[in-house]
Amino acid sequence: MSEALNVAEIFGEDVFNDTVMQERLPKKVYKDLKKTIEEGKELDLATADVIAHEMKEWAIEKGATHYTHWFQPLTGVTAEKHDSFISAPLPSGKVLMSFSGKELIKGEPDASSFPSGGLRATFEARGYTAWDCTSPAFVRKDAAGATLCIPTAFCSYTGEALDQKTPLLRSMEAINVQALRLIRLFGNTTAKKVTPSVGAEQEYFLVDAKKFRERKDLIYAGRTLFGAMPPKGQELDDHYFGTLRQRIAGFMKDVNIELWKVGVSSKTQHNEVAPAQHELAPIYAEANVAVDHNHLVMQTLKRVAGQHGMKCLLHEKPFAGVNGSGKHNNWSLVTDEGKNLMDPGKTPHENIQFLLVLTCILKAVNEHADLLRESAADPGNDHRLGADEAPPAIISVFLGEQLEDVMEQLIMTGEATHSLKGGKLETGVSTLPNLAKDATDRNRTSPFAFTGNKFEFRMVGSRDSIAGPNVVLNTIVAEAFADACDVLESADDFEMAVHDLIKKYATENYRIVFNGNGYSEEWVKEAERRGLPNIPSMVESIPALTTDKNVAMFERFNVFTRTELESRVEIKFESYSKAMNIEARTMIDMASKQFVPAFIKYTRELADTVNAVKEAGADASVQLDILNEVTEYLAETKRTLEKLKEVTAQACTMEEGEAQARYYHFHVVPAMEALRAPVDALEMIVDKEAWPMPSYGDLIFEV
């Protein structure tokens, strides 16, 4: 029998956290480091040397031989370069283990080898990683041994942000300044900091590794580019919250242990709606730490899956016909005194500060819906959003009955006098207790939903970094807070001014509020009537980054410069084109080398069967009908394959940028769908033994 696991003992054991720092650092050094973390005070090199030495000694005790600056370039994944702790050999032949403050604070990866959108030329290679001490260092243990991982920002030699972390930290500073202005107006003089708090739910699929390796589309594209639905999908809803299979339970146990050791508070795990789909959710953390933790979650899911003979698929839509995977980004604002600015209390109509915060958020989302939509855009999400399994591509805000009623009171009369109560939920069973019922239901079709004391941004894709969406949320709300404070700080009568402003914001931005069914066609029409943007694809969303309005906002709060935004536009168009090119070429390769030869062989065998039956004097009409049907689909496969080759070749001749990305979206993607149709139809006809790769049923039901 295995030894009982004590989570409290192992949690954070591989993290250079506050407890470890207090134990190992001299008091003055510890105080200086805490000032840097909490107030942004710059560390001097002598202090950094002491921290580096103790961090090295601690890491070596954990078995570490190397350290790495762990950063988030604009590739969508993390990057790292490992250096050992050994210094130059001594005359005795031994080596010293060293790690300096300079090595801790700054690294120098090659900036020209990462996406820069023109910020760096190929011959201009210098870039810097800078230690982000607000996110604790940790030791990661894997096949490479133990490595000290130091979370860092990544910027160019000329100072532009080349990563996800730098803009996130800038946006956190922006919303901190503006939120402090706002709460000061309501008499809070003691809070020193307001921080975005984030919890990212992570959905994923697990498939058998052997079957994964038999499918080129999964290997190259991360999703199935061909595949017919099996007889059973998710119709019975029996997988959702179902009992975990033993293989999956063992995997989840090991994932939790690995995450707990590096300080990720993995809390919830369960089967999701689609077969072979699952979810993991952590406890909330400061936005910066939450982003780092989510990258650790994704990396750990993949690594541990391999140890269990499985592959973890993080693509937003790995299988057509069943639910895709998202990443719900739960976002709130919390003071260093523990006060959640989004907590409405029991009587939200009387909570004036909350109502101002709420209406500012409505204003932010209404005015920058295009930007929020773009923050959740990636090629995989194009297959997921608006597919009756995820929020629509139209941004709206769900408030629930209680807050919607308060808003309507404000708009109609200028004053809210009551709040709807939750009441009791009677179960009708004498042995069960009656339950306290919330004042409002939830809405799973809303992209941006208020859920008690936070907003849940449900559009984010499962493999995406949550840094981008949180940069946008922090900045647009900082702008709304700043605008409100500009008005209120100059008001002669604060009480009157704040009530007027809440009513004004509620009235002007109420069009963004929608509590109904976001999947319905009626909502699409209603959203158009309201003037809300409906941006269906990644390609169509990218230009939002560089509209004059959005550039002005980002520059106002020093989150992005126009140059940095233009570089990201270029990178996003290029990455979309490259992703679609890989998918198209993979389909061409699979169709040419696997499907067409398999179909030809099958038709030859069918033809031989037809002839044999005829020679025997029997009726061959059934065999002949099947032969004709397969032959027709084979001809359609060949025709659509040639068309896909043609448009893909044309796309490759175009200059990289928006025009090429749009060509891929509007010409290559439809050609891919046209090729898939006859192949998927043939899968329902061709003998299972003749099919050249594992089917959907093999992949999602045999894990």
Side-chain angles (χ1 to χ4, degrees), residues 69-81 109-120 127 129 149 151-155 160-168 198 200 202-205 218-223 287-288 290-303 311-318 324-327 329 373-385 457 459-472 537-539 541-542 545 560 564-565 567-583 656 661 664:
H69 277 196
W70 188 66
F71 61 104
Q72 302 165 23
L74 299 174
T75 56
V77 294
T78 59
E80 53 196 66
K81 177 182 67 138
D110 187 343
S112 67
S113 298
F114 291 102
S116 71
L119 290 176
R120 296 266 79 193
T129 49
C149 297
T152 55
F154 178 42
C155 61
E160 294 94 352
L162 296 176
D163 67 342
Q164 305 269 22
K165 182 182 281 283
T166 303
L168 178 65
V198 173
Q202 179 68 57
E203 295 176 340
Y204 60 95
F205 280 81
L218 287 179
I219 292 171
Y220 296 130
R223 75 178 182 103
N288 177 35
V291 170
D292 288 354
H293 281 183
N294 187 247
H295 278 291
L296 280 172
V297 166
M298 291 189 284
Q299 292 170 2
T300 303
L301 289 171
K302 289 184 175 183
R303 176 163 50 85
K311 283 286 185 178
C312 174
L313 307 180
L314 293 176
H315 194 283
E316 288 74 23
K317 193 72 172 178
S325 295
K327 182 147 48 191
N329 186 90
R373 166 66 181 94
E374 192 284 327
S375 76
D378 77 9
N381 247 0
D382 282 0
H383 301 284
R384 171 178 165 262
L385 298 180
F457 186 34
M459 294 179 77
V460 186
S462 53
R463 61 181 164 170
D464 276 357
S465 169
I466 58 171
N470 284 294
V471 167
V472 170
S537 71
M538 175 181 177
V539 166
S541 74
I542 294 171
L545 283 171
F560 285 117
E564 288 171 332
L565 288 166
S567 74
R568 279 155 174 76
V569 166
E570 185 176 322
I571 290 168
K572 286 172 181 281
F573 279 132
E574 288 179 9
S575 65
Y576 180 86
S577 296
K578 289 173 180 176
M580 292 304 99
N581 185 52
I582 290 169
E583 289 193 359
E656 290 182 340
Y664 270 105

Minimum side-chain heavy-atom gap Leu296-Trp70 below 4.5 Å: yes
Check: Leu545 and Glu374 side chains under 4.5 Å, non-hydrogen atoms: yes
Non-hydrogen atoms of Cys149 and Pro151 that approach each other most closely: O-CD, 3.5 Å
Intermediate values then yes/no, side-chain contact (heavy atoms from CB on, under 4.5 Å), Lys302 and Gln299: CA-CA 5 Å; Lys302 289 184 175 183; Gln299 292 170 2; 6.0 Å; no
Residues Lys317, Asp382: salt bridge by 4.0 Å N-O rule: no
Distance-only donor-acceptor check, side chains Thr152 and His69, under 3.5 Å: no
From Arg384 atom CZ to Ser462 atom OG, the distance as rounded to the nearest 0.5 Å: 7.0 Å
Chi angles and distances behind the side-chain contact (heavy atoms from CB on, under 4.5 Å) call for Gln72, Val77: CA-CA 6 Å; Gln72 302 165 23; Val77 294; over 6 Å; no
Closest non-hydrogen atom pair, Thr166 against Ala153: OG1-CB, 3.3 Å
Shortest non-hydrogen contact between Pro379 and Ala579, atoms and distance: CG-CB, 4.1 Å
OH-CG distance between Tyr204 and Leu314, expressed to the nearest 0.5 angstrom: 10.0 Å
Evaluation steps, side-chain contact (heavy atoms from CB on, under 4.5 Å), between Thr75 and Phe114: CA-CA 7 Å; Thr75 56; Phe114 291 102; 4.3 Å; yes
Side chains of Ser577 and Glu656 in contact at under 4.5 Å (non-hydrogen atoms): no
Interatomic distance, Ser537 atom OG to Ile542 atom CD1 [nearest 0.5 angstrom]: 8.0 Å
Chi angles and distances behind the side-chain contact (heavy atoms from CB on, under 4.5 Å) call for His383, Glu316: CA-CA 8 Å; His383 301 284; Glu316 288 74 23; over 6 Å; no
Close side-chain approach of Phe560 and Val471, heavy atoms under 4.5 Å: yes
Cys312 vs Leu301 side-chain heavy atoms within contact, under 4.5 Å: yes
Gap separating the CD atom of Glu160 from the CG atom of Leu162, nearest 0.5 angstrom: 7.0 Å
Phe71 and Phe154 aromatic ring geometry - parallel, tilted or perpendicular at 30°/60° bounds: tilted
Salt bridge (charged side-chain N to carboxylate O under 4.0 Å, His left out) contacts in which one or both residues fall within residues 70-80, not counting sequence neighbours: Glu80-Arg140
Ionic contact status for Arg223 with Glu583, cut-off 4.0 Å: yes
Which atom of Arg568 lies closest to which atom of Pro167, heavy atoms considered: NH2-CG, 3.9 Å
Any Lys327 side-chain heavy atom under 4.5 Å of Asn294 side chain: yes
Output field: ring centroids Phe573/Tyr664 closer than 6.0 Å: no
Interatomic spacing from CD in Gln164 to CG in Asp292 - rounded to 0.5 Å: 11.5 Å
Asp378/Lys572 ion pair, N-O < 4.0 Å: no
Test item: Val198 and Val291 side chains (from C-beta on) under 4.5 Å apart, heavy atoms: no
Asp163 vs Leu74 side-chain heavy atoms within contact, under 4.5 Å: no
Distance, nearest 0.5 Å, that separates CZ of Arg373 from CE of Met538: 9.5 Å
Side-chain donor/acceptor of Asn381 to backbone N/O of Ala377, under 3.5 Å: no
Heavy-atom closest contact (Ile466 atom, Asn470 atom, distance): O-ND2, 2.8 Å
